[in-house]
Asker: 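Here it is: the structure, laid out below.
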Amino acid sequence: MIDRLRSVAKFLVSNWRCLVTIAISLAVVVLAGAAVFFFWPHSLPEVAASPSQPQGADLVARGKHLTIAADCEACHTTPGGKPFVGGLAFKLPFGTIYSPNITPDQKTGIGDWTDAEFVRAVRSGVGKHGEDLYPAFPYTSYALLSTDDILAIRAYLKTLKPIEYTPPVNDLLFPFNQRYVMRSWKLLFVPWHQFENDPTKSAAWNQGAYLVEALAHCGECHTPRGLMFQREQWKALSGGAVDGWIAWNITQDKETGIGKWSDADIASYISKGHAQGHGPAAGAMRQAINLSLSKLPQSDVDAIVTYLRDIPPHTASYQNEPIISVVPAAQASQAWSPQQTSGKLGERIFEGACASCHGFDGRGQNSSRAALIGSHSISDPTSSNLLRIILQGSSDPDGSATTAMPAFADAYSDTELAALSNYVIEHFGGRQGRVTPNDVANAR
C-alpha cells in the first residue's frame, strides 16, 4: 500500500503541469458552457406533432383529458373564480407569486402564443418573452411530457372562452425576484429528456409511471425538498410539505406509507378521496381529487396503482415517533399546559362537536368518510393536517353539505383547538399529541 501511494505521489509531482493544464481546460469549458446557458436567451424548440397525433375534435378531446390529468385548473383558478384565468397566490418563504392567465385571451392570456412558445414554457419553464418561470409551475415534471401531449393540451386550451384578466404582480424578496437566477437552478434540477417507456415493464406500469412522474406530477407534493427547493429524488414520493399541509408518504413502506393498503384501497382513495380504514383526503389532495383524479378513466387509476406498487419503500421523514398505547384521558382545565390538552377539555369538545359525525369509536356515524381510525392525519403528533381540517373544514367531491366537514376556526379558541387536536391524536391515533395554542395560531 505504501509503495502504491509513493508511485501515485511520484506521478503527480512529475506530471503536475499537465494535470493543472487539464484542470484549467475543463474549468474553462464548464464555465463557458454555464455562461452560455446563463446569459443566452432560451431558444425556441422546433415542434411538430407525430403522424399518430389525432386531429380536430379528437385532438381537443385528447387535450381535455390531459389537461384534467395534469390538474391545470387547480393552480390557475382562484377559489370561487373563473377557471384558468390565474391569480392564485402561492405564498413562499421569500414572497408570493401568482399563477398566470392561460385562457386564449390575446392581451392577458396565451392567445397570441405560438406552439413553440407554449411547448418551451411547459417543458423548460420559459415564458413568451424569454423570462424564466418559477417552479411553482411544475415544469420539473412536465419536462417529461411528450410533444404530442403538450400540443394536445394547447389545442384544448384554445377552445376555452378568452377572458381578459391580469393577475397581481409577483412580490418576491431579492434575489428571488431576479428571474435569471432560475437558469442555474434549472440546469441542476430540470430533466432534459422526455419520458421513455421501460421495455422491461408492462404497459400498465409505463402508463402509471407517465401519469405519476410527469402528467399528474405527484412528486411535486409527495417528495421532500432540499435547501434549494429541489426535489430529493432519492426519497421520491416519501412525503413532503406543501403550504402547511403534509403530502403523505405513498411509497410501499408498511408503517408510514401505503404498503399495507390493498389495491382497492389505493384506487378508492385516488378516485373517490376516501378508503375504508384510511380516512378521507383533505386540503390540496382533496382539490386534486375533485378536479382531476376523480375524473380519470378506470384504466388510468389502475395504471397508477400498478406503478405505486413498484415504488421502493422509504420511511417518511415527517413521521418518526414510536406508536404508544392509547393515552388515558387526564384531568384538564380551560388554561392550557402540555400535560392537560389530552384531558377533559379536548374530550368535552369532541363529544359536543365531533362525535355525532365521527362517532365515539372514531369509525364514522352517518358516513364512512367520517371515520378517523386509520387516517394518516391522526397519526401525526404535530397535527399539521388535522389542525387545518378542523380550522378550514373539508368537502366531498359531490359537494354534498350533509357529508362535508364544517370549519371550526371561529367556534373555538386556540387553547380549545389544541386540546381537541391532542385528544384526537392520543385517543384515536395512539400517539402523544404535542399541539400547542401557538401551533393553532400559526395554522390559522
Side-chain angles (χ1 to χ4, degrees), residues 29-30 32-56 58-60 62-67 69-72 75-76 84 86 97 99-106 108-160 178-197 206 209-211 213-217 219-220 230-231 233:
V29 170
V30 170
V36 170
F37 179 86
F38 195 81
F39 294 109
W40 197 259
H42 297 308
S43 60
L44 285 170
E46 293 187 10
V47 298
S50 71
S52 62
Q53 180 83 314
Q55 300 294 321
D58 290 338
L59 175 62
V60 172
R62 170 70 177 163
K64 182 178 181 180
H65 163 74
L66 294 169
T67 300
D71 202 17
C72 302
C75 289
H76 292 276
F84 301 105
I97 61 178
S99 60
N101 182 346
I102 58 171
T103 71
D105 180 67
Q106 293 285 325
T108 62
I110 58 173
D112 64 343
W113 287 42
T114 66
D115 286 349
E117 288 167 345
F118 186 78
V119 170
R120 181 179 65 175
V122 171
R123 186 176 286 152
S124 304
V126 179
K128 177 178 176 60
H129 304 292
E131 69 276 19
D132 292 277
L133 305 178
Y134 293 102
F137 179 39
Y139 51 79
T140 50
S141 294
Y142 291 162
L144 300 173
L145 294 178
S146 70
T147 300
D148 275 1
D149 283 354
I150 298 176
L151 292 175
I153 292 173
R154 165 78 170 152
Y156 169 68
L157 293 178
K158 285 182 179 179
T159 68
L160 300 176
Q178 305 300 307
R179 289 180 180 269
Y180 61 81
V181 173
M182 294 309 305
R183 297 191 179 185
S184 297
W185 188 90
K186 287 191 278 188
L187 179 63
L188 294 172
F189 303 120
V190 175
W192 296 105
H193 58 85
Q194 298 176 35
F195 177 85
E196 296 179 356
N197 283 337
N206 280 294
Y210 186 69
L211 285 162
E213 301 294 346
L215 198 58
H217 56 278
E220 299 291 337
Q230 83 282 8
R231 286 182 293 165
Q233 286 300 100

Asker: Rounded at 0.5 Å granularity, tell me how far CG in Leu59 sits from CZ in Arg154.
Answerer: 12.0 Å
Asker: What residues form a side-chain hydrogen bond (donor to acceptor under 3.5 Å, both in side chains) with Thr147, not counting sequence neighbours?
Answerer: Arg123
Asker: To the nearest 0.5 Å, tell me how far Gln233 CD sits from Phe189 CZ.
Answerer: 11.0 Å
Asker: Once side-chain hydrogen bond (donor to acceptor under 3.5 Å, both in side chains) is applied, do any residues pair with Asp105, and if so which ones, sequence neighbours excluded?
Answerer: Thr108
Asker: Is there a donor in the side chain of Ser146 and an acceptor in the side chain of Asp148, or the other way round, less than 3.5 Å apart?
Answerer: no
Asker: Evaluate whether atom CD of Glu46 has more than 12 neighbouring non-hydrogen atoms of other residues, nucleotides or ligands under 6.0 angstrom away.
Answerer: no
Asker: Give a yes or no on whether the backbone of Gly63 and the side-chain of His65 come within a donor-acceptor separation of less than 3.5 Å.
Answerer: no
Asker: Heavy atoms, side chains only, cut-off 4.5 Å: are Pro100 and His76 in contact?
Answerer: yes
Asker: Hey, does Tyr142 have a side-chain heavy atom less than 4.5 Å from the side chain of Ile150?
Answerer: no
Asker: The criterion is side-chain contact (heavy atoms from CB on, under 4.5 Å); which residues satisfy it with Val190, sequence neighbours excluded?
Answerer: Tyr139, Thr140, Ala143, Trp185, Lys186, Trp192
Asker: To the nearest 0.5 Å, what is the distance between CD on Glu117 and NE2 on His129?
Answerer: 8.0 Å
Asker: Could you state the interatomic distance from CD1 (Ile153) to NZ (Lys64), rounded to the nearest 0.5 Å?
Answerer: 14.0 Å
Asker: Ignoring hydrogens, what is the shortest heavy-atom contact between Tyr156 and Thr67? Give both atom names and the distance.
Answerer: CD2-OG1, 3.4 Å
Asker: To the nearest 0.5 Å, what is the distance between CZ (Phe84) and OG1 (Thr103)?
Answerer: 10.0 Å
Asker: Closest heavy-atom contact between Pro191 and Leu144?
Answerer: CB-CD2, 4.0 Å
Asker: Run Tyr210 and Asp149 through side chain to side chain contact (heavy atoms under 4.5 Å, CB included) and show every step you take.
Answerer: CA-CA 11 Å; Tyr210 186 69; Asp149 283 354; 2.7 Å; yes
Asker: Search all heavy atoms of Arg183 against all heavy atoms of Asp132 and return the closest pair with its distance.
Answerer: NE-OD2, 2.8 Å
Asker: Hey, are the side chains of Leu133 and Arg179 touching, using non-hydrogen atoms and a 4.5 Å cut-off?
Answerer: yes
Asker: Work out which heavy atom in Leu151 is nearest to a heavy atom in Ala49; give both atom names and the distance.
Answerer: CD1-N, 3.9 Å
Asker: I need the minimum non-hydrogen distance between Gly127 and Arg120, along with the two atoms involved.
Answerer: O-NH2, 2.8 Å
Asker: To the nearest 0.5 Å, tell me how far Met182 CE sits from Glu131 CD.
Answerer: 13.0 Å
Asker: Which heavy atom in Ser99 sits nearest to a heavy atom in Cys75, and how many Å separate them?
Answerer: OG-O, 2.7 Å
